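Here's the structure, in structure tokens; my notes come after.
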Amino acid sequence: MRVRYAPSPTGDPHVGNVRQAIWSWLFARHSGGDFLIRLEDTDQTRKVPGSLERIYGSLRWLGIDWDEGPDIGGPYAPYVQSERLPRYRVAADQLLADGHAYLCFCSSERLAEMRKAQQAAGESPGYDGLCRTLSVAEATTRAAAGEAHVVRFKMRDDGTTTLVDLLRGEITVENRHFDDFVILKSDQFPTYHLAHVVDDYEMQISHVTRGDEWLPSAPRHARIWDALGYARPTFVHFPVILGPDGGKLSKRHGAKSVLEYADEGYVAGAVFNFLAILGWSFDDKTELFTRARLTEIFDLADISVNPAAFDTQKLEWMNGVYLRDMPEPELTALFAERLDRDLPTDVARPLDRALIAAFTPHIRERVKLLSEVAGLVDFFFAASVVTPGADEFLSAKRWRDDAAGAAGSLRAIADTIEALADWSTAAIEAAMRGTAEAIDEKAGDVFTLCRLAVTGKRIAPPLFETIEIVGRETTVSRLRAAASALAPTV
RNA sequence: GCCCCUAUCGUCUAGUGGCCCAGGACGCCACCCUUUCAAGGUGGAAACGCGGGUUCGAUUCCCGCUGGGGGCACCA
């Protein structure tokens, strides 16, 4: 088995594209076959600088490796189409010599007018075959004289073309629905149609995997393989991915590149897992798989052919699962790296690694995205928290009309904490509960005030653990500061 | 307009003629746990697009319609 991922350098690969790479890679690795990268850059006008590096980066991030490619070469080098021009020329000449193709001198102006007329008449657009009637002698003469021309493949006739797609079975179409399409452009570059056939053949690709959008033109490719005398490969057309709304995947709705997902705090394992099972399933219940496991069980035949909508919520859930299941040291490292990036600059660097390790177990199941971490734990780092306004403290029913009572409770807890002998989560909890009882308040009501005072947040990691990590001194001062803000006089 | 692909809960899917008054997951709702929020546990609502066939019997096979997606470039 030899499979290739053949991106065009037109920007960052989006998720649909990447899923194709994942499936192709999984298929190759499953069968012990080769996986290679080939750059399809025959359109000189659409090149985007840096694309190739971004493509490599996306693949590497996901843990996809390749056996041959532009960067590492291989037995069929070069792996960049713009460096393989002579090969396409040879193939085109062979097609010309065998009568499967002809030179076309029609100008783009004539082509445009023709199309316009066809559409006005309600006909389907397509080349009318004018130059097909030219004698070989005349065509050769005009070309030799330097007249601009393209090479067209003789596709249109009375017959039918049948091909087999691995996922859909046999597909037969009538050739009259096709026109004679261009295989070699006037700039001497091949079109995709010719280039990929020549390359996939020469590179011994066994399974031509690609997006669904190629299905309608697959008959063209089948005809070229035949005309060139090549044995056809197995065609596999992958479904597209739809946006969350079921419409086309667009930049608006998360048609993001995987690199952007990395940026937002998704981990590679989750993204790989999610994309692998989007439109593919192993059985009726399993959804969480490691890369290794997927490699073992992946089968192209289990892909469902209808387009799947990208479910961001499920991806988030899965990312949370990956984060929770990760070994703690690894998670701590991830948090540290992320916090270094996200925490405000006034927090001194390097960040206290021991501190991060201390709170990691308490926030790991509260985080779905790495990008959420900073907002959850910033108070551990700040010298003083931004104390919420009084209305924040008094929003609970118990304290609504009792700022003095709230301040008093805070002071009582501060006194308790200050005098606490044993500094442990259990001791802190016991003492705080005892204090609440002693001042005849409900524990929950008091804890809410403390949470606000110590973390500055309504939603935070568990209180007692948090206090233990924040430390006695800081806790007490934050408690007293909040109390003073609520009721200046004792 | 023409051509191709496709059709199970809101979403991703299992299902390959009877096991299905359709199973799992995300999401949603309720309850439990609980110092907040999560996580976790339990339970619940939620689907075979429509019409014809074929068959003793169709979610499963065939046809049509409708819906969805894609394609009709000297782009890939």
Side-chain angles (χ1 to χ4, degrees), chain A residues 6-10 40-43 45-46 104 106-108 111-112 115 118-119 121-127 148-152 165 167-168 171 173-174 176-179 181-193 195-196 210-219 237 239-240 242 244-248 274 277-288 304-318 320-321 324 362-368 376 429 432-433 436 442-452 455 457-464 466:
Chain A
S8 291
T10 53
E40 311 225 310
D41 63 343
T42 54
D43 186 352
T45 64
R46 296 207 312 162
C104 171
C106 292
S107 66
S108 43
L111 259 22
R115 236 182 317 265
Q118 287 166 333
Q119 270 167 358
E123 297 166 17
S124 22
Y127 183 60
H149 62 277
V150 299
V151 178
R152 285 183 186 273
D165 174 85
L167 304 177
R168 304 155 227 266
I171 296 169
V173 288
E174 296 176 76
R176 65 186 175 85
H177 291 307
F178 292 89
D179 66 352
F181 57 97
V182 174
I183 54 176
L184 204 65
K185 303 183 248 185
S186 53
D187 64 1
Q188 296 300 301
F189 275 73
T191 58
Y192 170 84
H193 305 304
H196 99 272
R210 72 215 321 188
D212 226 347
E213 68 273 18
W214 289 113
L215 199 53
S217 50
H237 292 91
V240 296
L242 268 23
D245 57 352
K248 197 181 163 108
F274 177 77
I277 67 165
L278 183 63
W280 175 88
S281 68
F282 173 61
D283 59 17
D284 60 340
K285 45 179 73 77
T286 324
E287 299 197 299
L288 265 15
S304 57
V305 289
N306 49 331
F310 191 93
D311 186 350
T312 308
Q313 283 185 312
K314 188 155 186 174
L315 206 210
E316 274 189 25
W317 162 78
M318 195 173 279
V321 171
R324 269 174 257 132
H362 306 120
I363 63 164
R364 65 179 309 157
E365 51 197 32
R366 272 157 249 271
V367 174
K368 275 189 177 139
L376 201 57
E429 174 167 8
M432 287 177 66
R433 285 189 188 284
K442 277 201 274 191
D445 289 335
V446 177
F447 295 168
T448 297
L449 295 175
C450 295
R451 180 175 304 106
L452 240 19
T455 70
K457 302 176 196 307
R458 181 166 287 287
I459 294 168
L463 226 208
F464 316 120
T466 297

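Here the structure is a predicted model, which means the values were calculated and not measured. Chain naming here is simple, since letters A, B, ... match the order of the sequence lines and numbering starts at 1 in each.
Residues that satisfy the side-chain hydrogen bond (donor to acceptor under 3.5 Å, both in side chains) test with Y192(A), not counting sequence neighbours, are R210(A). F189(A) meets the ring pair (Phe, Tyr, Trp, His ring centres under 6.0 Å) test with no other residue; sequence neighbours excluded. Residues satisfying the side-chain contact (heavy atoms from CB on, under 4.5 Å) test with D41(A), not counting sequence neighbours, are P9(A), L39(A), K47(A), V80(A), Q81(A), S82(A). Listed by chain and residue number, nothing satisfies the ring pair (Phe, Tyr, Trp, His ring centres under 6.0 Å) test with H362(A) (two or more places apart in sequence, or in another chain). For R115(A), the salt bridge (charged side-chain N to carboxylate O under 4.0 Å, His left out) criterion is met by no residue, not counting sequence neighbours. Under the salt bridge (charged side-chain N to carboxylate O under 4.0 Å, His left out) criterion, D445(A) pairs with no residue, sequence neighbours left out. With sequence neighbours excluded, no residue satisfies side-chain hydrogen bond (donor to acceptor under 3.5 Å, both in side chains) with E123(A).
At the heavy-atom level, F464(A) lies under 4.0 Å from base atoms of the strands shown. Residue contacts shown for P219(A) are absent, as no nucleic acid heavy atom lies under 4.0 Å away. Residue contacts for G279(A): at a heavy-atom cut-off of 4.0 Å it reaches the sugar-phosphate backbone alone, with no base atom in range. Here S304(A) lies in heavy-atom contact (under 4.0 Å) with sugar-phosphate atoms only. Nucleic acid contact for A443(A): none, since no nucleic acid atom lies under 4.0 Å from a heavy atom of the residue. Among the protein residues, L376(A) comes within range of no part of the nucleic acid, since none of its heavy atoms lies under 4.0 Å from any strand. Contacts of R458(A) with the nucleic acid, taken as non-hydrogen atoms under 4.0 Å apart, include base atoms.
Ranked by how close their nearest RNA chain B nucleotide is to the 5' end, F178(A) and P462(A) are led by F178(A). Across the interface with RNA chain B, nearest-nucleotide mapping of R168(A) and T448(A) shows R168(A) to be the residue nearer the 5′ end.
Remark: C1' of C72(B) and CZ of R176(A) are 14 Å apart, rounded to the nearest angstrom. Distance W280(A) CH2 to A14(B) P: 10 Å, rounded to the nearest Å. Rounded to an integer number of Å, the gap from E429(A) CD to U34(B) C1' is 11 Å. Counting to the nearest Å, the C1' atom of U11(B) and the CD atom of E316(A) are 14 Å from each other. L463(A) places its CG atom 13 Å from the C1' atom of U34(B), with the value rounded to the nearest Å. Atom CE in M318(A) sits about 14 Å away from atom P in C12(B), given to the nearest Å. Going from atom CZ of R451(A) over to atom P of U34(B) covers 15 Å, rounded to whole Å. Distance L288(A) CG to U13(B) P: 17 Å, rounded to the nearest Å.
The NE2 atom of H149(A) sits 7.5 Å away from atom CG of L184(A), with the distance rounded to the nearest 0.5 Å. From L376(A), atom CG reaches atom CD1 of I459(A) across 9.0 Å, with rounding to the nearest 0.5 Å. In this structure, CZ on F464(A) lies 8.5 Å from SG on C450(A), to the nearest 0.5 angstrom.
Comparing A73(B) with G27(B), their P atoms sit 44 Å apart, to the nearest whole Å. To the nearest whole angstrom, the two P atoms, one in C12(B) and one in A30(B), are 25 Å apart. G70(B) and C31(B) have their P atoms separated by 43 Å, with the value rounded to a whole Å. Rounded to a whole angstrom, the distance from the C1' atom of A76(B) to that of C72(B) is 15 Å. Atom name P, nucleotides G17(B) and U60(B): the rounded distance is 11 Å, in whole Å. Rounded to the nearest Å, the gap between the C1' atom of U16(B) and that of C48(B) is 14 Å. Distance noted for atom C1' between U59(B) and G43(B): 27 Å (whole Å). Taking the C1' atoms as reference points, U11(B) lies 33 Å from G53(B), given to the whole Å.
Nucleotide A7(B) forms a pair with U66(B), judged by Watson-Crick or G-U wobble geometry with both contacts under 3.5 Å. In this structure, A39(B) makes no Watson-Crick or G-U wobble pair, since no nucleotide meets both defining distances under 3.5 angstrom.
Residues V446(A) and M432(A) have side chains not in contact (no heavy-atom distance under 4.5 Å, counting atoms from C-beta outward). Annotation: side chain of F447(A) is in contact with side chain of R433(A) (closest heavy-atom distance under 4.5 Å). S217(A) has its side chain out of reach of F181(A): every pair of non-hydrogen atoms, C-beta onward, lies at least 4.5 Å apart.
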Show each protein N/O and nucleotides 73-76 of chain B N/O combination with a separation under 3.5 Å, one pair to a line.
residue, atom, partner, partner atom, Å
C74(B), O2, S186(A), N, 2.8
C74(B), O2, S186(A), OG, 2.7
C74(B), N3, S186(A), OG, 3.0
C75(B), OP2, K185(A), NZ, 3.0
C75(B), O2', D43(A), OD2, 2.9
C75(B), O2', R46(A), NE, 3.2
C75(B), O2, R46(A), NH1, 3.3
A76(B), OP1, T42(A), OG1, 2.7
A76(B), OP1, K185(A), NZ, 2.8
A76(B), OP2, Y192(A), N, 3.2
A76(B), O3', S8(A), OG, 2.9
A76(B), O3', E40(A), OE1, 3.3
A76(B), O2', S8(A), OG, 2.6

Please list each protein N or O that sits under 3.5 Å from an N or O in nucleotides 43-47 of chain B, with the distance.
none

Pull out every protein N or O sitting under 3.5 Å from an N or O of nucleotides 65-69 of chain B, one pair per line with the distance.
none

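Nearest heavy atom pair, residue V150(A) against residue S186(A), reads CG1-N, 3.7 Å.
When distances are taken from the side chain of H177(A) to each of C4(B), A38(B), C3(B), the shortest belongs to C3(B). When each of C12(B), A38(B), G1(B) is scored by its nearest atom to the side-chain atoms of S124(A), the top-ranked nucleotide is G1(B).
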Legend entry - Pair L215(A)-R168(A), side chain to side chain contact (heavy atoms under 4.5 Å, CB included): steps then yes or no: CA-CA 11 Å; L215(A) 199 53; R168(A) 304 155 227 266; 3.6 Å; yes
Please output the side-chain donor-acceptor pairs of residues 306-314 of chain A that fall under 3.5 Å, not counting sequence neighbours, one pair per line with the distance.
residue, atom, partner, partner atom, Å
D311(A), OD1, Q313(A), N, 3.2
D311(A), OD1, K314(A), N, 3.3
K314(A), NZ, E287(A), OE1, 3.3
K314(A), NZ, E287(A), OE2, 2.8

Legend entry - Contact letters for nucleotides 17-28 of chain B, in which S counts primed atoms plus P, OP1 and OP2 and B counts the base, heavy atoms under 4.0 Å: ------BBBBS-
